[in-house]
Undergrad: 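Here it is, the structure in full.
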There are 2 protein chains.
Amino acid sequence: MTTNRRRAATIPDVAREAGVSRSTASRALADYGSVSPDARERVRAAAEKLGYRANQLARSMITGRTHTLGVVIADIQNPFFAGVTRGITDAAHTAGYQVLLANTDEDLGAERAAVKTLCDKHVDGLVVAPASTTEVGHLAALVEGVCPVVLLDRHAPSLPTDAVTVDNQGASADAVRRLIAAGHRRIALVTLVGSEPDGGADGGAEHGAGARTGEAASGPFPISTGVERVAGYRAALRAAGIEDTDAYLRVGTFHRQDPAVLTEELLSLPEPPTAVFATDSMIALGVLSAVNARGLRVPEDISVVAFDDAEWTRVVRPRLSVVAQPVQELGAEAVRALLTRIERGARPPRHITLDTTFITRDSVAPPR
Amino acid sequence: MTTNRRRAATIPDVAREAGVSRSTASRALADYGSVSPDARERVRAAAEKLGYRANQLARSMITGRTHTLGVVIADIQNPFFAGVTRGITDAAHTAGYQVLLANTDEDLGAERAAVKTLCDKHVDGLVVAPASTTEVGHLAALVEGVCPVVLLDRHAPSLPTDAVTVDNQGASADAVRRLIAAGHRRIALVTLVGSEPDGGADGGAEHGAGARTGEAASGPFPISTGVERVAGYRAALRAAGIEDTDAYLRVGTFHRQDPAVLTEELLSLPEPPTAVFATDSMIALGVLSAVNARGLRVPEDISVVAFDDAEWTRVVRPRLSVVAQPVQELGAEAVRALLTRIERGARPPRHITLDTTFITRDSVAPPR
DNA sequence: CTGAAAGCGCTAACAT
DNA sequence: ATGTTAGCGCTTTCAG
């Protein structure tokens with residue numbers, strides 16, 4: 001029934017079949033310029049008959065647009081990024097774009113490599129959750145007109161481009177304030193930061209924030225999210241008259257420290273915290289596992305609050321009270337910003353802030 | 001310091017700088033044919049100096065290879081697929097390939113569209129977790145030499161290509177057998193299938209499996225995973241002398257039914273099940289929420305077992321006993337199979353089966 | 001080992 | 001409105 005065809009049909013084939021020139025065929029198919037209704041119909045029919053599919057590669061080479069977006073995140077297995085990525089792909093597909101995915105595990109080297117590879121693939125734009133918000137030289141180079149970039153989840157002040165985040169400081173302060181309102185004074189914060197700054201020449205903003213951790217983290221925080229959440233935590237503590245805001249602050253490094261261990265350290269303090277705030281759901285998993293391992297009960301023995309409304313937080317007993325981020329919307333908004341930047345070209349950087357919601361469940365109680 | 005450059009450096013630029021012809025420059029850069037060490041070095045230096053980056057689009061147009069793989073899955077927010085995707089991207093990147101991502105939500109139409117778009121983008125191969133294992137006409141067309149496809153998680157017998165799965169039937173039977181060993185007789189299975197067959201002309205294999213659900217699911221199961229897990233469930237039940245294997249079988253449709261509601265129905269039966277088997281972690285979430293809503297305790301009042309070792313299953317109390325699938329390995333293995341197919345061309349279909357592990361935790365107890 | 005020339009499939013000026 | 005011509009950046013025969 002079907003005709004043999006070794007080679008896919010091309011524009012010349014369609015043009016011949018329709019009895020028009022290649023340009024007319026091209027115009028009719030790509031829907032630009034002016035074509036007579038008659039010719040247009042003949043071309044459409046011929047294309048249909050031959051099963052013509054445009055060679056996007058060739059088209060991209062001419063137009064300079066691939067209708068492909070690059071997404072560079074820490075880890076697709078982290079529910080936050082999975083949600084964000086879902087939002088990104090949905091928004092992208094709706095707009096006729098495909099999505100190229102890369103994981104960095106918060107490693108700056110991996111991020112640089114990913115960005116380079118994706119650019120080589122001629123993505124029309126990049127959504128990046130940067131491993132560092134100060135070491136952004138590799139991104140700065142792109143922002144200068146090479147390839148639009150939009151930052152997601154994290155804001156790099158030195159980078160003149162859009163960023164889509166939540167109000168981390170406010171959300172964090174709010175969460176801590178709720179713990180304080182419940183009567184807590186010894187409130188811990190457990191967080192993880194990306195790779196250490198590698199000392200490259202990177203005219204970036206300053207983020208001094210020493211953390212009293214066991215050994216590491218003497219340098220600056222590389223990720224704005226962490227900085228801001230810690231800032232909110234400190235602010236709320238200070239506002240409550242708690243002077244030593246860093247007594248229960250634990251900042252680990254993504255690859256080198258396990259949040260469970262950090263928590264274990266906290267719990268073995270002479271005066272252990274009565275509440276723990278985890279800055280994401282993966283960290284919360286570690287916190288809970290340390291709490292469980294020690295036989296402590298939530299919330300009777302210790303209160304727990306976390307960032308990110310992961311599905312499991314509704315199923316654990318007690319159900320976890322969380323700071324919910326609009327994950328899919330973050331992704332969708334980032335794509336929207338990126339597309340505007342792609343279509344309208346350079347424009348003043350916008351920082352879009354989406355609202356979080358504190359979801360009160362059962363993991364907070366007054367300290368004993 | 002840096003020179004102004006509006007236009008990216010091209011091969012002619014490098015050739016000129018190195019004082020050789022374009023062909024020689026191309027050979028040196030792409031590392032093929034023969035080039036004198038001297039010329040090769042001069043070209044490398046020139047490329048370095050000009051910051052030359054090959055135009056992958058142009059290269060792909062000639063070579064016919066894009067070093068891009070397409071991944072078509074149900075939902076990246078499902079931890080199973082997130083893990084699989086992580087395995088895929090890692091393996092792909094290691095081999096020098098990028099990954100284009102598409103979600104289908106188990107919708108056949110979305111899958112067809114995704115496959116078409118990805119092919120138009122000239123991916124070198126496709127990893128697909130098909131929404132249906134019988135309606136695979138759109139994939140069959142590709143397998144005929146157009147674009148290598150490897151099936152993931154699900155096996156379509158009618159499709160002459162590789163599939164990477166676990167032994168679903170065996171794993172399922174094993175899990176049910178453990179429930180039986182604990183003394184259960186009224187064991188429920190809650191599962192979800194993709195979109196209904198659309199009656200297209202698709203010479204596929206037959207999968208008859210009626211399910212006693214409230215309203216839907218009178219047709220065949222479209223997904224092999226579901227079929228096999230149900231088969232294992234039935235086999236184990238029958239082997240234990242339980243005749244009516246479908247009394248507690250609940251098969252919902254992905255978009256139209258909520259596992260929590262299905263479970264709620266089961267629990268309100270005159271003789272409710274004493275154990276529930278959920279065929280993935282998302283379904284388990286629904287099952288648990290229904291169980292919790294009814295105030296039942298696990299495992300005292302009801303035992304629960306699920307497929308997929310999601311992170312949260314270790315944190316809930318009681319910790320959930322699960323059938324763990326090697327998620328990342330599934331993805332990595334699929335890429336490996338795909339790459340062999342891409343490099344070595346057509347070959348007899350292989351069905352690769354990876355081992356599952358039953359992880360005994362605390363959600364199973366004898367019935368009261 | 002190297003260079004000249006052809007051409008992948010398509011779009012975009014420029015004529016007509 | 002349509003056809004002619006050029007050319008995107010690269011690889012690849014084919015001569016030399």
Undergrad: Expressed in angstrom and rounded to an integer, what is the separation of A:Ile11 atom CD1 from D:dT4 atom P?
TA: 15 Å
Undergrad: If you only use heavy atoms from C-beta on, which nucleotide in D:dC10, C:dC10, C:dC1 is closest to the side chain of A:Thr10?
TA: C:dC10
Undergrad: Salt bridge between A:Asp38 and A:Arg42, side-chain N to carboxylate O under 4.0 Å?
TA: yes
Undergrad: Inspect the contact between A:Glu333 and A:Arg336 and indicate whether a charged nitrogen and a carboxylate oxygen are less than 4.0 angstrom apart.
TA: yes
Undergrad: Write down the distance between CZ (B:Arg42) and C1' (C:dC1), rounded to a whole number of angstrom.
TA: 13 Å
Undergrad: Would you jot down, in residue-number order, the residues of residues 27-35 of chain B having a non-hydrogen atom under 4.0 Å from DNA chain C?
TA: B:Arg27, B:Ser34, B:Val35
Undergrad: Quick check: closest heavy atoms across A:Thr133 and A:Pro157, and the distance to 0.1 Å?
TA: O-CD, 4.2 Å
Undergrad: For a quick test of reading the model, state the closest non-hydrogen atom pair linking A:Pro148 to A:Asp124 and the distance between them.
TA: CD-O, 3.3 Å
Undergrad: Output the rounded distance in Å from CE (B:Met61) to P (C:dA6).
TA: 17 Å
Undergrad: Counting just side-chain N and O atoms, does A:Ser60 come under 4.0 Å of either OP1 or OP2 of C:dC10?
TA: no
Undergrad: Expressed as a whole number of angstroms, how long is the span from A:Ile62:CD1 to D:dC10:P?
TA: 14 Å
Undergrad: Near DNA chain C, which residues from residues 16-25 of chain A have a heavy atom under 4.0 Å away?
TA: A:Arg22, A:Ser23
Undergrad: Quick one: do B:Asp105 and A:Arg86 make a salt bridge, cutoff under 4.0 Å?
TA: yes
Undergrad: Round to a whole Å and report the spacing from CZ of A:Arg53 to C1' of C:dC10.
TA: 16 Å
Undergrad: For B:Asp120, which of A:Arg53, A:His67, A:Gln98 qualifies under side chain to side chain donor-acceptor pair (under 3.5 Å)?
TA: A:Arg53
Undergrad: Among D:dC10, D:dT2, D:dT11, which is the nearest nucleotide to the side chain of B:Ser26?
TA: D:dT11
Undergrad: So that I can tick it off, tell me whether B:Arg40 and B:Asp31 are bridged by a salt bridge, with the cut-off set at under 4.0 angstrom between side-chain N and carboxylate O.
TA: yes
Undergrad: Is there a side-chain polar atom (N or O) of A:Arg59 under 4.0 Å from OP1 or OP2 of C:dC10?
TA: no
Undergrad: Give the nucleotide from the list C:dC1, C:dC10, D:dT12 with an atom nearest to the side chain of A:Asn55.
TA: C:dC10
Undergrad: Take atom CZ of B:Arg65 and atom P of D:dC10, then tell me their distance rounded to the nearest Å.
TA: 19 Å
Undergrad: What distance separates A:Leu126 CG from A:Leu338 CG, expressed to the nearest 0.5 Å?
TA: 8.0 Å
Undergrad: Between OG1 of B:Thr66 and CD of A:Gln56, what distance do you get to the nearest 0.5 Å?
TA: 12.5 Å
